[in-house]
**Student:** 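Have a look at this one before I ask anything.
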Amino acid sequence: MKERLREALDGCVRELLAEAGFAVEAPPLQVEPPRQADHGDFACNAALVLTKTLRRPPREIAEQLAARLGDAGGLVARTTVAGPGFLNVWLSNECWQRGLADLVRAGDRVATSRSGGGARVQVEFVSANPTGPLTLGHGRQAVIGDCIARLLQVVGHDVTREYYFNDGGRQMRVLGESVKARYLEQLGRAAAPPADALADAELPWPESLGGLPVVFPRDGYQGEYISEMAADLREQHGDGLADEPAAGRFREVAQQRIFREIEATLVALGIRFDVYTNEKTFYEDGSIDRVLADLRAKDLVYDADGAVWLRATSLGLERDRVLVKSSGEPTYLLPDIAYHREKLRRGFERVIDVQGADHIEQFPFVRAAIGALGCDAARIELVMHQFVTLTRGGQQVKQSTRRATYVTVDELLEEVGADVFRFFMVQRKADGQLDFDVDLAKDRDWKKNPAFYVQYAHARTHGIERKAVEQGVAMPATDAFDASALVLPAEIALIKKLLEFPEVVEAAAAAREPHHVAYYLREVAGLWNPYVQDGVHHRVLSDDAALTRARLGLALGVRGVLAQGLGLLGLSAPERM
RNA sequence: GCGCCGAUAGCUCAGCUGGAUAGAGCACCAGGCUUCGAACCUGGGGGUCGGGGGUUCGAAUCCCUCUCGGCGCGCCA
């Protein structure tokens with residue numbers, strides 16, 4: 001609808017320019033729904049943009065444009081020139097009614113398109129190392145990443161969801177040590193470190209307590225799940241593992257079990273990954289050595305203080321970074337460079353990294369190094385998100401990773417359910433902190449809880465259908481639907497909003513900003529729910545058969561948009577609530 | 001100290017590739033409806049868009065600066 005109007009206006013502008021003897025290209029016009037409804041269905045700024053070129057007052061240009069536009073072949077009902085020179089355009093009701101008919105025909109594939117041209121895109125997200133349960137920050141990232149993937153898929157990309165994790169580094173070592181320490185404590189062969197020392201890194205750390213050694217690592221993982229795993233090992237093996245190295249069974253069992261639990265959490269969230277990539281791969285296939293050698297060949301590597309450094313300053317960055325520690329062990333950066341080079345080599349046209357704000361520092365180094373190695377670093381994008389705070393009973397709940405006093409995704413999921421969890425996590429733009437209001441999320445009142453508000457709007461389209469069937473009224477055929485009886489302002493407004501859906505989805509996908517979809521769905525539901533509830537002025541099911549069919553068709557249009565929209569956010573679209 | 005992000009209604013937030021009188025939900029106020037697909041509808045009050053400067057026909061939006069908050073600035077990941 002908008003595009004047809006834009007084409008018509010573009011044509012007029014070109015004619016106007018040609019007639020005035022200007023050989024210049026027509027500037028890109030803005031054709032947008034204005035903020036104020038009484039400024040028309042669409043407002044065009046053409047006259048304001050052209051005023052400099054044509055050297056005529058914008059209002060005069062707008063008048064000429066309006067005259068030239070006419071009714072644009074039945075598209076336009078009327079036009080006005082307003083304000084500094086905006087051309088306000090109202091489209092005819094017939095035009096909107098036809099639009100709804102097309103939309104109903106598309107069903108729940110309204111926004112599905114091929115604009116992505118089948119381009120291969122990788123979205124890497126979550127990528128949490130298996131050291132413990134997923135936290136709310138991971139949860140937000142999981143939902144954002146998955147929604148971006150869904151958006152890209154629906155507009156025609158070939159999407160790979162990928163999870164990258166590290167099982168070679170310090171974190172995994174400490175994990176094994178933490179489990180073994182708890183195991184030994186439970187056997188009475190080691191002493192648990194005092195709670196205050198665990199909580200405060202400044203306090204002294206005892207070598208032993210009460211004649212028993214303290215083996216729990218200073219920076220160990222303090223969560224209850226560590227003790228539980230230790231208890232399970234003790235149950236299975238008694239004290240038979242006392243001499244087993246922490247880096248052996250303990251680490252392996254803990255890693256596998258935590259990873260399984262992370263996967264289970266993700267599945268509960270409706271998220272499945274296509275590829276899991278392990279840092280270890282890059283050691284084994286030699287790509288780490290190759291990266292190092294290639295960087296060295298470009299004189300981007302030097303040795304100092306027993307470590308191997310990346311000469312990042314010569315790539316325009318603030319400081320140099322260590323690639324291989326003096327211990328001989330690579331830092332996180334080196335495999336990350338190898339990983340990103342490998343991503344591009346796999347042929348992805350776009351690589352999207354979704355990362356938390358705490359990882360932001362890393363990205364420029366990876367990108368610079370990749371570029372220096374001759375890869376097209378511009379194909380790598382970063383979607384950064386801020387953290388999640390939790391509000392319960394009007395109070396912020398303190399989260400501390402160190403003390404393991406954070407709320408996990410599992411815990412919150414149990415309280416609010418996957419649908420609400422996802423909606424809340426995706427409804428805010430990524431680069432702002434997210435305040436998760438648990439009380440609101442748990443509120444079953446659909447009027448208050450935005451996730452339910454949208455789902456209920458969808459369920460109502462089915463409720464109406466059930467009612468219609470009860471009364472022996474058939475739903476209109478989706479491929480031959482006549483909407484011409486829909487003339488109420490509330491109906492036209494709803495149709496206009498529904499027809500915005502494809503472009504909302506395209507824009508959200510292009511910007512990698514799924515929150516726009518959540519906001520949009522709230523708006524659709526905000527028109528539909530009152531429309532259905534206002535049984536005083538109009539009812540969907542009435543004695544007028546043609547009107548009833550038209551309104552049932554409107555319900556189908558709403559259903560299609562809400563169903564696909566909810567699907568894009570990974571929420572269910574229930575038929576009843 | 002440096003870097004990134006944020007600051008918009010009482011609260012939670014949209015709007016930010018510059019456009020007209022800055023929006024939504026919740027909360028609040030006033031009317032209405034009386035349970036039907038109805039845990040409802042209609043209307044209203046509420047703002048120096050953190051402060052200041054600049055760019056221009058026009059700035060919440062772009063630039064500079066200041067203030068406050070979050071995150072980061074490891075041979076952690």
Side-chain angles (χ1 to χ4, degrees), chain A residues 28 30 32 34-36 38-39 43-45 48-49 51-52 57-58 82-86 88 127-129 131 137 165-166 168-172 174 219 279 304-309 317-319 321-333 335-336 356-364 382 384-387 389 391 394 424 427-437 440 443-450 452-453 456 459-468 470-471 511 515-516 518-520 522-523 525-526 529-537 539-541 555 576-577:
Chain A
Q30 207 173 68
E32 292 298 331
R35 277 203 282 253
Q36 299 257 126
D38 57 335
H39 288 154
C44 179
N45 67 344
L48 283 83
V49 178
T51 183
K52 265 186 190 153
F86 288 100
N88 294 338
S127 294
N129 288 336
T131 60
F165 68 102
N166 164 326
R170 190 192 65 90
Q171 287 191 347
M172 288 297 113
V174 173
D219 53 356
E279 181 196 22
D305 308 325
V308 180
W309 293 72
L317 291 162
E318 294 272 315
R319 63 185 185 92
R321 294 276 306 261
V322 170
L323 291 169
V324 183
K325 300 182 239 178
S326 52
S327 66
E329 190 183 20
T331 62
Y332 177 84
L333 179 59
D336 214 20
D358 56 336
H359 274 68
I360 199 74
E361 189 78 2
Q362 184 77 3
F363 191 72
L382 176 67
M384 188 214 65
H385 69 89
Q386 295 286 339
F387 293 136
T389 59
T391 299
F424 274 60
Q427 70 179 332
R428 307 298 182 214
K429 63 170 181 270
D431 56 0
Q433 283 178 45
L434 172 71
D435 180 47
F436 198 112
D437 185 338
L440 181 61
D443 199 330
R444 307 305 292 180
D445 184 349
W446 66 267
K447 192 83 204 304
K448 289 189 177 153
N449 189 320
F452 293 146
Y453 189 81
Y456 188 52
R460 275 180 150 164
T461 68
H462 285 275
I464 289 172
E465 178 169 353
R466 285 191 292 271
K467 186 87 178 176
E470 249 174 57
Q471 297 182 5
H515 73 278
H516 293 298
Y519 203 81
Y520 168 80
R522 183 61 184 71
E523 288 180 330
N529 279 330
Y531 175 77
V532 172
Q533 271 155 199
D534 184 12
V536 178
H537 298 96
R539 298 175 66 85
V540 172
L541 303 178
R576 59 175 84 229
M577 293 187 70

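The basis for the numbers below is simple: all heavy atoms, side chains too, and nothing from hydrogens, waters or symmetry mates. Keep in mind the model is a prediction, meaning the values are calculated, not measured. Sequence lines set the chain letters: A, B, ... in the order given, protein chains first and strands last, and positions in each chain run from 1.
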**Student:** For the C1' atoms, the ones on B:A14 and on B:G53, what distance do you get once it is rounded to whole angstrom?
**Tutor:** 28 Å
**Student:** How is A:N449 classified with respect to the nucleic acid when contacts are heavy atoms under 4.0 Å: base, sugar-phosphate, or nothing?
**Tutor:** nothing
**Student:** Looking only at side-chain N and O atoms, does A:Q533 come under 4.0 Å of OP1 or OP2 in B:C41?
**Tutor:**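 For B:C41, OP1 or OP2 has a side-chain N or O of A:Q533 closer than 4.0 Å.
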**Student:** Side chain of A:D358 only, please: which of B:G74, B:C71, B:G19 is the nearest?
**Tutor:**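 Nearest to the side chain of A:D358 among the choices is B:C71.
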**Student:** Using the aromatic ring of A:F387 (for Trp, its six-membered ring), decide whether it stacks on the base of B:G70 within the limits of 5.5 Å and 30°.
**Tutor:** no
**Student:** Are OP1 or OP2 of B:C4 and a side-chain N or O of A:H359 less than 4.0 angstrom apart?
**Tutor:**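 A:H359 to B:C4 OP1/OP2: no side-chain N or O under 4.0 Å.
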**Student:** Please report, rounded to the nearest Å, how far the C1' atom of B:C13 is from the CZ atom of A:R522.
**Tutor:** 12 Å
**Student:** Let's test your reading of the model: under 3.5 Å, does the base of B:G23 pair with the side chain of A:Y519 as donor and acceptor?
**Tutor:**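 Pair found.
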**Student:** Taking NZ from A:K429 and C1' from B:U61, how many angstroms apart are they, rounded to a whole number?
**Tutor:** 12 Å
**Student:** If you check every side-chain atom of A:R428, which of B:C75, B:U12, B:G15 has the closest atom?
**Tutor:** B:U12
**Student:** Just checking, any donor-acceptor pair under 3.5 angstrom between side chains of A:Q362 and A:R321?
**Tutor:**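 Yes, a side-chain donor-acceptor pair sits under 3.5 Å.
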**Student:** To the nearest 0.5 Å, how far apart are CG in A:L323 and CH2 in A:W309?
**Tutor:** 9.5 Å
**Student:** Measure CZ/A:R539 against P/B:C40 and give the value in whole Å, please.
**Tutor:**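 Going from A:R539 (CZ) to B:C40 (P), I get 17 Å.
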**Student:** From the options B:A24, B:A20, B:C36, select the nucleotide whose nearest atom is closest to the side chain of A:F86.
**Tutor:**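 Of all the options, the side chain of A:F86 is nearest to B:A20.
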**Student:** Rounded to whole angstroms, how far apart are CZ on A:R460 and C1' on B:A38?
**Tutor:**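 Taking atom C1' of B:A38 as the reference, CZ of A:R460 is at 7 Å.
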**Student:** Looking across every strand, which nucleic acid part, if any, lies under 4.0 Å from A:L323 by heavy atom: base, sugar-phosphate, or nothing?
**Tutor:**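 Contact class for A:L323: none.
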**Student:** Which whole number of Å gives the distance between the C1' atom of B:A60 and that of B:A22?
**Tutor:** 7 Å
**Student:** Work out how far the C1' atom of B:G10 is from that of B:G47, and round it to whole angstrom.
**Tutor:** 12 Å
**Student:** Considering only B:C2, B:A14, B:C76, which nucleotide approaches the side chain of A:R170 most closely?
**Tutor:**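 Given the options B:C2, B:A14, B:C76, the side chain of A:R170 is closest to B:C76.
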**Student:** Please check: side-chain N/O of A:D443 versus main-chain N/O of A:D445, any donor-acceptor pairing under 3.5 Å?
**Tutor:** yes
**Student:** Would you indicate, yes or no, if B:C5 has its OP1 or OP2 atom less than 4.0 angstrom from a side-chain nitrogen or oxygen of A:H385?
**Tutor:**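 So the side chain of A:H385 is outside the cut-off, no N or O lying under 4.0 Å from OP1 or OP2 of B:C5.
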**Student:** Can you see if the side chain of A:K325 gets near the phosphate of B:A77 - specifically, an N or O under 4.0 Å from OP1 or OP2?
**Tutor:** yes
**Student:** So what does A:A43 touch, heavy atoms closer than 4.0 Å: a base, only the sugar-phosphate, or nothing?
**Tutor:**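 Since a base atom lies under 4.0 Å of A:A43, the category is base.
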**Student:** Between C1' on B:C76 and CD on A:E279, what's the gap in Å once rounded to a whole number?
**Tutor:** 12 Å
**Student:** What does A:R444 touch in the nucleic acid at a heavy-atom separation under 4.0 angstrom: a base, only the sugar-phosphate, or nothing?
**Tutor:** base
**Student:** What is the minimum heavy-atom distance between A:V324 and A:V322, and which atoms define it?
**Tutor:**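 Looks like O-CG1, 3.5 Å.
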**Student:** Between C1' on B:G69 and CD on A:Q433, what's the gap in Å once rounded to a whole number?
**Tutor:** 8 Å
**Student:** When you measure from the side chain of A:D435, which nucleotide among B:U12, B:C73, B:C5 comes out closest?
**Tutor:** B:U12
**Student:** Using the P atoms only, state how far B:A30 lies from B:G45, rounded to an integer number of Å.
**Tutor:**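 Comparing P positions in B:G45 and B:A30 gives a spacing of 15 Å.
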**Student:** Where is the tightest heavy-atom contact between A:M577 and A:A459, given as atom of each residue plus distance?
**Tutor:** CG-CB, 3.9 Å
**Student:** From the options B:G25, B:C5, B:C71, select the nucleotide whose nearest atom is closest to the side chain of A:A357.
**Tutor:**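 Side chain of A:A357 sits closest to B:C71.
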**Student:** At less than 4.0 Å, is any side-chain N or O atom of A:K448 found next to OP1 or OP2 of B:A39? Yes or no.
**Tutor:**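 Answer no for this pair, as no side-chain N or O of A:K448 is under 4.0 Å from OP1 or OP2.
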**Student:** Nearest 0.5 Å, please: how far is CZ in A:R460 from OH in A:Y531?
**Tutor:**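 One gets 13.0 Å once the value is rounded to the nearest 0.5 Å.
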**Student:** What nucleic acid atoms does A:D305 come within less than 4.0 Å of, heavy atoms only: base, sugar-phosphate, or nothing?
**Tutor:**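 Base contact.
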**Student:** What is the distance from atom CG of A:N529 to atom OH of A:Y453, rounded to the nearest 0.5 Å?
**Tutor:** 4.0 Å
**Student:** Hey, does the side chain of A:N449 reach the backbone of A:L440 with a donor-acceptor pair shorter than 3.5 angstrom?
**Tutor:**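 Yes; judged by distance alone, with no hydrogens or angles, the pair exists.
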**Student:** Any base atoms under 4.0 Å from A:V308, or only sugar-phosphate, or nothing? Heavy atoms, all strands.
**Tutor:**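 If one applies the 4.0 Å heavy-atom cut-off, A:V308 turns out to touch nothing in the nucleic acid.
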**Student:** How long is the line joining CD of A:E329 and P of B:C76, in whole Å?
**Tutor:** 8 Å
**Student:** Any side-chain N or O of A:K447 under 4.0 Å from OP1/OP2 of B:G25?
**Tutor:**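 No, no such contact exists.
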**Student:** Specify the separation, in whole Å, of atom CD of A:E32 and atom P of B:G15.
**Tutor:**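 For the pair A:E32 CD and B:G15 P, the rounded distance is 14 Å.
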**Student:** Counting the atoms with a prime plus P, OP1 and OP2 as sugar-phosphate, which does A:D445 contact under 4.0 Å by heavy atoms, base, sugar-phosphate, or nothing?
**Tutor:**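 It contacts base atoms.
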**Student:** Using the P atom on both, measure B:G18 against B:G58 and round to a whole Å.
**Tutor:** 15 Å
**Student:** Mind checking which stems touch RNA chain B? I mean at least 3 consecutive Watson-Crick or G-U pairs, both distances under 3.5 Å.
**Tutor:** B:1-7 with B:67-73, B:10-13 with B:23-26, B:28-32 with B:40-44, B:50-54 with B:62-66
**Student:** Please state the P separation for the pair B:G74 and B:G50 - nearest whole angstrom.
**Tutor:** 32 Å
**Student:** Mind checking the CG-NE2 spacing from A:D336 to A:H359? Nearest 0.5 Å is all I need.
**Tutor:** 8.0 Å
**Student:** Of A:P330 and A:Q386, whose closest RNA chain B nucleotide lies nearer the 5' terminus?
**Tutor:** A:Q386
**Student:** Just call it for A:L541: base, sugar-phosphate, or nothing, with non-hydrogen atoms closer than 4.0 Å on any strand.
**Tutor:** base
**Student:** Show your reasoning for whether side chain to side chain contact (heavy atoms under 4.5 Å, CB included) applies to A:R466 and A:R576.
**Tutor:** CA-CA 10 Å; A:R466 285 191 292 271; A:R576 59 175 84 229; 3.1 Å; yes
**Student:** I want to verify a distance call: between B:C41, B:C5, B:A77, whose nearest atom is closest to the A:P530 side chain?
**Tutor:** B:C41
**Student:** Touch check for A:Q362, heavy atoms < 4.0 angstrom, all strands: base, sugar-phosphate only, or nothing?
**Tutor:** base
**Student:** Which of the following nucleotides, B:C73, B:C13, B:A77, is nearest to the side chain of A:Q171?
**Tutor:** B:A77
**Student:** Report the distance from atom CE of A:M172 to atom CD of A:E279, rounding to the nearest 0.5 Å.
**Tutor:** 10.0 Å
**Student:** Please tell me which of the listed nucleotides, B:G19, B:C75, B:A14, lies nearest to the side chain of A:N45?
**Tutor:**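 Per side-chain heavy atoms of A:N45, the pick is B:G19.
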**Student:** So for A:T331 and B:C75, does any side-chain atom that can act as donor or acceptor lie under 3.5 Å from a complementary atom in the base?
**Tutor:** no
**Student:** Pick the C1' atom in B:G72 and in B:U8, then give their distance to the nearest Å.
**Tutor:**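 That atom pair is separated by 26 Å.
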